[in-house]
Amino acid sequence: MKKILDLITEKMEQAFVSAGYEASFGKVTVSNRPDLCQYQCNGALAAAKQYKCAPIQIAKAVAEKLDGSDFSMIDAVIPGFINLNLSDSFLRSYLEEMRVSPDFGVEKVGAGLTAVVDYGGANVAKPLHIGHLRPAIIGESLKRLHKFMGYDTIGDVHLGDWGLQMGLIIAELQERQPELPYFDERFTGEYPKESPFTLSELEEIYPTASAKKTDPVFAEKAHTATFELQQGRRGYRAIWDHIMGVSLPDLRRIYDILDVHYEKWLGESDAHPYIPAMVEDLKARGLAVLSEGAWVVPVAEETDKKEVPPMILVKSDGSAIYATTDLATIVQRMQDWAPDKMLYVTDKRQNLHFEQVFRAAKKSGIVKETTVLEHVGHGTMNGADGKPFKTRDGGVLRLEQLISDMTDFVRAKVVENQIVADDEVEATTQKIALAALKYGDLSNQPTKDYNFDLERFAAFEGNTGPYILYTVVRIKSILNRYGTWEHLPIAPAANQWAKDLMLAITKFGPTMESALKTLSPNLICAYIYELSGAVNKFYHETRILTEENEELKAGYIALIGLAKRILETCIDILGFAAPEKM
Ligand code: ARG
């Protein structure tokens with residue numbers, strides 16, 4: 001379906017042509033004076049210069065050529081603006097087409113294209129902490145947005161499962177239990193199925209080992225263990241399997257609570273097999289060069305304003321690093337999925353890393369010239385006081401703790417206000433808490449820092465997730481009391497509030513398009529906040545269910561029904577859902 005702005009621009013262009021002027025002057029924009037009109041065209045001002053006559057004359061001539069049935073107001077005003085309001089019939093038929101079209105007639109710009117979204121970035125053997133919240137939430141929503149816009153999407157968690165942390169755990173385990181068969185190089189039998197550690201033991205082993213990194217002897221052992229693991233040492237690989245077996249279910253459990261789901265649970269370890277051939281190829285083609293004993297890929301460009309250092313491919317000690325792994329991961333993705341687009345959602349401080357990797361990928365032809373590689377760098381989530389989030393003892397807060405703090409807070413409210421029956425408290429609480437958490441995050445521009453404010457995010461009024469849910473629940477309850485409504489066609493606006501609501505609904509398509517283009521879920525949040533405001537205003541100003549004129553009533557119901565479907569679609573893209581009651 002065409003966007004309203006494009007439709008009116010086309011009509012305006014035709015009017016310019018009919019009046020004897022060039023079509024290109026007919027661009028229509030949303031009015032910046034909504035008190036005067038809904039849309040405006042300023043083309044007569046520019047045309048006046050070219051045709052050397054008064055702009056108002058052109059504006060008047062063009063206005064005469066517009067089809068009156070499309071507009072309730074066509075006003076040529078000094079010095080030469082054309083102000084427009086849409087007619088009821090135009091608005092009605094546009095909304096009716098939205099109502100009956102799949103996905104409200106949004107143009108599927110991603111049809112035939114594949115997008116990989118790399119988000120989450122959990123590190124195996126370490127519990128998720130609050131730093132993992134933003135990439136998970138933003139990434140999930142960008143993935144859902146791409147899917148909605150027609151892309152085939154692949155979400156990949158890209159686990160940190162291959163680095164030094166694995167060697168540290170192996171070295172620590174060896175100090176504690178040297179008698180285990182994993183450390184006996186002569187052992188050729190089958191290793192135990194049962195893990196030598198539980199999850200909570202693992203969560204203690206890792207930080208203990210990590211703290212010993214400053215001990216040169218221990219550090220050396222950990223480095224050797226990492227190297228040997230990567231070379232395929234059998235016993236170490238078996239320990240690695242245990243680490244994964246113990247750690248992954250817990251990571252999945254938390255991501256499930258967040259309603260964050262990955263199509264692929266690949267990790268750095270899966271990129272490992274691609275590294276040797278990639279490195280050889282880059283060396284052979286002269287793209288990698290030796291620099292102080294390391295192999296690097298120079299990626300600086302003449303137009304750089306800041307220095308972009310070369311990407312380090314192989315360190316002087318022969319080891320591959322973060323960038324090597326990311327480049328090899330791109331090799332794997334291109335081979336297996338040939339995506340048209342790859343998005344990486346991580347902390348914005350990783351920006352230079354991705355710039356280097358992307359340039360190396362382009363320069364070497366690992367991706368096509370047209371492959372879109374983009375880093376969505378997010379800002380930091382701070383505490384309510386604007387300072388970095390810390391637990392009382394100064395540690396990093398676990399993500400699970402943050403989620404349960406929010407859930408407890410919401411549950412208390414749900415119980416206190418007796419919102420639902422006892423057996424529904426938990427499900428309702430989960431939905432509201434998730435909305436509070438996700439909307440609180442997503443309503444901010446991804447790059448910006450924000451303060452996590454539990455009470456503000458969970459409030460039922462204001463620009464919050466729960467407020468949006470509340471609006472959806474309110475509509476649902478009206479629709480339920482009305483009965484079957486899905487078949488009802490949109491009727492012309494019966495009052496000003498209905499018209500405002502209709503106009504808000506028409507902005508759905510343009511909003512989705514700009515959110516996609518700018519990778520900004522916050523635009524969807526701003527949109528549903530506006531739409532919810534329009535719904536609630538309409539609800540307060542209009543007798544809906546008590547309206548005696550059945551036709552009018554049916555029109556109202558159709559309108560809020562459409563608003564509900566759009567709100568539900570939007571919150572699903574953001575990654576949460578509304579309960580039945582609230
Ligand atoms: N595991 C990494 C970290 O904790 C994040 C991974 C992000 N994704 C990527 N392809 N590098 O910082």
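Just so you know, residue 1 is the first one in the sequence shown, and it goes up from there. Note that ligands are numbered from 1 as they come in the structure, with each ligand's atoms numbered from 1 the same way.
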_Residue, atom name and distance, where the atom is the protein heavy atom closest to atom 4 (O) of ligand 1_ = Asn123 ND2, 3.0 Å
*asked:* Taking distance alone, with N or O pairs closer than 3.5 Å, would you say Thr346 contacts ligand 1?
replied: no
*In terms of residue, atom name and distance, what is the protein heavy atom nearest to atom 6 (C) of ligand 1?*
Tyr322 OH, 3.4 Å
*Protein contact to atom 12 (O) of ligand 1 [nearest heavy atom, distance to 0.1 Å]*: Gln350 NE2, 3.2 Å
*Please check if any side-chain donor atom of Tyr182 sits under 3.5 Å from a side-chain acceptor atom of His242, or the reverse.*
yes
*Quick one: pull up CD1 in Ile137 and NE2 in His378 and give me the separation to the nearest 0.5 Å.*
10.5 Å
*Please write down residue, atom name and distance for the protein heavy atom closest to atom 8 (N) of ligand 1.*
Asp118 OD1, 3.1 Å
_For a quick check under 3.5 Å, do Glu204 and Thr208 share a side-chain donor-acceptor pair by atom type?_
yes
*Quick one: do Glu140 and Lys143 make a salt bridge, cutoff under 4.0 Å?*
yes
*Could you establish whether His132 and ligand 1 come within less than 4.0 Å of each other, counting only heavy atoms on the residue side?*
no
*Any N or O of Gly160 that comes nearer than 3.5 Å to an N or O of ligand 1?*
no
_Closest non-hydrogen atom pair, Leu168 against Ser210_ = CD1-CA, 4.1 Å
*For atom 10 (N) of ligand 1, which protein heavy atom lies nearest, and how many Å away is it?*
Asp326 OD1, 2.7 Å
*Roughly how far, to the nearest 0.5 Å, is CG of Leu202 from CZ of Phe197?*
5.0 Å
_If we only consider heavy atoms of Phe354, is any one of them less than 4.0 Å away from an atom in ligand 1?_
yes
*Where ligand 1 meets Tyr344 - atom numbers and elements under 4.0 angstrom, heavy-atom basis*: 10 (N)
*Do the side-chain N and O atoms of His272 and Asp270 include a donor-acceptor pair separated by under 3.5 angstrom?*
no
_Taking 4.0 angstrom as the limit and counting only heavy atoms of Gly121, give me the atoms of ligand 1 inside it, by number and element._
1 (N), 2 (C), 4 (O), 5 (C), 6 (C)
*Should Arg411 and Asp408 count as an ion pair when the cut-off is N to O under 4.0 Å?*
yes
